[in-house]
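Nothing here was measured: the structure is a model prediction, and the numbers come from that model. A, B, ... follow the sequence lines: proteins, then strands. Residue 1 opens every chain.
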Amino acid sequence: MELLLASGIGVLTAAGIYLVCRAQTFPVIIGLAFLTYAVNVFLFAMGRLAIDAPPIYDAAVKTYTDPLPQALVLTAIVISFGMTALIVVLALRGFLESGDDGVQANEGGESEGGRTS
Amino acid sequence: MADAATLLVLWPVLIPIATAALTAALWRSPAAQRWVGMASLMLLLAASLALTYVVATEGVVAKQFGDWAAPFGITFVADPLSAAMIAISGVLAFAVGIFALSDIRPRHERNGFHPLFHGLMAGVNGAFLTGDIFNLYVWFEVMLITTLGLLVVQRGRAQIDGALKYAAMNLFGTILFLIAVALLYGATGTLNMADLARILPGMEMSPGLTASALLFLAAFGIKAGVFPLFFWLPASYHTAPIAIAALFAGLLTKVGVYAAFRVFTLLFEMEGGGLREIVAVVAALTMITGVFGAAIQWNVRRILSFHIISQIGYMLMGLAIATPVAIAGAVFYIVHHIIVKANLFLLAGAIRKAAGTDDLRKAGGLLKSHPWLAVLFLIPALSLAGLPPLSGFWAKFLVIDASLREEVWWLAAVALLVGALTLFSMSKIWMEAFWKKPVLVRATPRRVPVAFVAPIVLLGAVTLTIGLFADPFVEYARTATAVLVDPADYIAAVFPEEGPVQAAGTAYPGTANHSQGAVE
């Protein structure tokens with residue numbers, strides 16, 4: 001269980017880092033999404049792993065799972081989902097404006113001119 | 001718990017949130033949005049000053065949401081540092097609001113300028129007030145999403161490109177921040193900052209906690225724009241309309257600096273783990289790269305963007321030295337800098353309006369056509385460079401004095417050198433835009449609207465006040481530092497009846513019955 005979870009986080013992070021280092025917008029977005037997943041699972045694991053244990057108090061039960069990380073992960077998922085949606089729209093708009101998916105597509109002089117609108 | 005003083009903590013967040021909702025409801029009428037927005041900014045200013053007054057007279061104020069006792073509910077805490085930040089951002093928002101009346105075009109207003117502006121203020125104030133480390137993440141995201149919206153209200157290719165770089169870098173910072181929070185929770189089992197401040201001193205710096213501290217440093221470094229993580233800042237700030245850029249320049253990076261001060265005074269010690277050395281080197285490199293980056297630029301807004309970075313270095317310098325004197329100096333520095341930097345951006349807007357361009361090589365002759373603008377420019381420009389008797393002099397004096405006392409000579413030398421180079425940069429703007437003969441001869445000089453001048457005068461007056469009557473401000477910074485260095489007041493405000501300190505590392509299954517007990 002621990003090994004599975006740890007290697008899962010590791011693979012997600014590795015894939016995310018690799019994609020973020022690409023020089024195109026779309027892979028970077030996907031990479032950030034992967035990294036977010038990795039962090040969410042990591043956050044969840046920080047409440048310690050407990051199998052078949054309820055998160056809510058019950059007099060009959062001895063062991064519990066920590067409910068707080070689950071709430072945190074839920075918040076993080078919702079926020080990162082909204083964020084990803086926003087960035088995808090931004091990137092799409094940028095792609096449609098420039099016809100180019102490069103991250104450093106327009107450095108320097110061009111951005112000076114683009115401000116006149 | 002519901003007396004007026006504790007409720008006062010909520011207003012700086014509630015007012016902008018309500019305004020954001022209201023202006024969004026008035027989507028079709030930019031004129032109504034403008035009026036509602038101005039009224040709300042006045043209310044916000046009044047509420048912020050009232051909060052600062054209460055904190056200055058009565059000490060730290062805390063509010064538990066829904067009356068869930070800490071550490072189980074979410075806590076808002078206003079200590080002298082947060083209160084000062086709230087007050088100064090209230091002043092800034094008011095000034096920028098006036099400037100925006102004439103700077104933001106109706107087309108941009110229809111793209112949602114007003115709701116986003118007030119949403120950003122809610123995020124910034126929330127980040128200053130929250131007493132919960134995970135809640136800080138939520139406010140960071142509120143800030144990030146509204147910032148992105150504001151960056152692209154003017155929908156050009158340059159804006160979208162800048163926004164994408166901004167988003168990618170800041171999201172990465174957020175991810176680092178979340179990992180740090182997770183590690184911290186895994187080690188301590190709590191997210192309430194006051195609770196953490198009670199638990200952490202009794203714990204050993206395990207590898208997990210060290211990693212957490214370093215990740216916090218990196219995450220706040222990205223938000224604050226320190227070396228080598230600042231590339232998003234000059235790539236995006238100059239693309240936004242002036243009013244928005246001024247707001248960003250004044251507030252956004254300073255939220256990162258504030259968070260670093262909060263975490264590295266309240267939660268982690270600067271001693272040990274090489275943290276001090278790292279921060280000192282980063283601070284020096286940030287100052288140097290920022291000021292040299294500015295030296296080669298010719299666009300006013302780009303010059304100013306790079307100067308944000310170099311000035312962040314001075315604040316980090318205070319954190320690196322970490323003596324009470326140094327932290328007080330840095331607190332004073334942050335307050336002074338927010339006003340001065342935003343004012344310079346507003347002036348860049350006025351120069352652009354008067355000269356018709358941002359490019360210093362094409363501008364010129366403004367001294368003759370707009371002499372008063374030249375004077376107004378000198379106030380924040382010389383203050384930024386640190387000339388007496390302006391506020392920047394005291395700020396730099398306090399920080400450098402602290403580093404000399406600790407005998408960190410090299411850092412003091414770097415700070416003085418960067419100050420001189422800042423003066424060079426500011427005089428470059430002055431020489432090129434005001435002094436030099438105009439490149440293109442224009443028959444009638446362009447007028448600068450009153451809505452541009454009024455906030456510039458207001459912020460200039462604040463700078464002069466801080467400079468000429470520095471004593472109460474320095475005294476206030478010392479009070480703020482006293483709470484930062486010894487968090488007993490902060491903890492006492494959050495835990496009024498000082499319950500028993502929970503054993504460290506209670507994150508194991510079984511924590512749940514604690515919280516259950518608190519509900520009943």
Side-chain angles (χ1 to χ4, degrees), chain A residues 13 16 20 25 28-29 31-33 35-36 38-40 42-50 53-58 62-69 71-73 75-76 79-80 82-84 86-87 90-91 93-98 103-107 110-117, chain B residues 72 107 134-135 137-138 140-142 144-145 148-149 151-152 154-165 167-168 170-172 174-179 181-187 189-191 208 235 238-241 299 301-302 358-359 507-513 515-517 519:
Chain A
T13 312
V20 165
T25 313
V28 170
I29 295 172
L32 283 172
L35 281 177
T36 318
V39 173
N40 286 345
F42 182 66
L43 200 57
F44 179 73
M46 276 300 133
R48 306 296 189 272
L49 300 171
I56 297 168
Y57 179 73
D58 184 348
K62 279 272 157 18
T63 57
Y64 297 97
T65 183
D66 190 348
L68 192 62
L72 301 186
V73 169
T75 316
I79 291 178
S80 66
M83 222 37 142
T84 311
L86 183 73
I87 296 189
L90 266 182
R93 180 76 190 238
F95 176 69
L96 292 177
E97 296 258 332
S98 61
V103 171
Q104 258 100 32
N106 43 357
E107 255 306 327
E110 284 176 70
S111 53
E112 312 275 318
R115 217 178 322 101
T116 49
S117 62
Chain B
F72 305 109
R107 194 155 44 90
F134 191 80
N135 196 235
Y137 155 75
V138 176
F140 271 156
E141 295 297 276
V142 171
L144 180 53
I145 215 154
L148 284 177
L151 273 174
V152 296
Q154 185 181 348
R155 293 181 180 161
R157 185 175 148 188
Q159 281 74 28
I160 289 172
D161 200 53
L164 271 176
K165 283 173 193 157
N170 276 281
L171 270 185
F172 191 69
T174 305
I175 287 167
L176 296 184
F177 180 65
L178 264 187
I179 299 176
V181 170
L183 283 168
L184 196 59
Y185 180 77
T190 179
L191 294 164
H238 67 99
T239 62
N299 179 311
R301 285 195 271 180
R302 283 190 176 230
D358 262 345
D359 194 332
Y508 297 96
T511 328
N513 43 15
S515 57
Q516 194 65 24
V519 181

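Proximity to chain B (any heavy atom under 4.5 Å) is restricted, for A:Leu86, to the side chain, taken from C-beta onward. For chain B, no part of A:Ala45 is nearby; none of its heavy atoms comes within less than 4.5 Å. Proximity to chain A is limited to the side chain of B:Leu148, based on heavy atoms less than 4.5 angstrom apart.
Annotation for B:Leu164 and A:Ala91: closest pair CD1-CA, 3.9 Å, computed over non-hydrogen atoms. The minimum heavy-atom distance linking B:Leu178 with A:Ala76 is given by the pair CD1-CB, 4.1 Å. The heavy-atom pair separating A:Leu32 from B:Ile175 by the smallest distance is O-CD1, 3.9 Å. In plain terms, the two heavy atoms of A:Gly47 and B:Tyr185 that are nearest each other are CA-CE2, 4.4 Å. Of all heavy-atom pairs between B:Ala182 and A:Leu43, the closest is CB-CD1, 3.2 Å.
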(message) Please evaluate residues B:Leu191 and A:Leu72 with respect to the criterion side chain to side chain contact (heavy atoms under 4.5 Å, CB included), reporting the C-alpha separation (whole Å), side-chain torsions for both, the decisive distance (0.1 Å), and the verdict.
(response) CA-CA 11 Å; B:Leu191 294 164; A:Leu72 301 186; 3.5 Å; yes
(request) Test side chain to side chain contact (heavy atoms under 4.5 Å, CB included) on B:Phe134 and A:Leu68 and set out the steps. (result) CA-CA 11 Å; B:Phe134 191 80; A:Leu68 192 62; over 6 Å; no
(request) Go through B:Thr174 and A:Ile79 one step at a time and tell me if the side chain to side chain contact (heavy atoms under 4.5 Å, CB included) criterion holds. (result) CA-CA 11 Å; B:Thr174 305; A:Ile79 291 178; over 6 Å; no
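Ranked by heavy-atom pairs under 4.5 Å with chain B, the list A:Val20, A:Asn40, A:Leu90, A:Ile29 is led by A:Leu90. Most heavy-atom pairs under 4.5 Å with chain A: of the set B:Val152, B:Leu171, B:Val142, B:Val181, this distinction falls to B:Leu171.
Rounding to the nearest 0.5 angstrom, the gap separating the CD1 atom in B:Ile179 from the CG atom in A:Leu35 is 7.5 Å. For the atom pair CG (B:Leu144) and CE (A:Met83), the distance works out to 3.5 Å, reported to the nearest 0.5 Å.
Counting heavy atoms of neighbouring residues, nucleotides and ligands inside a 6.0 Å radius, atom CZ of A:Phe42 exceeds 12 of them.
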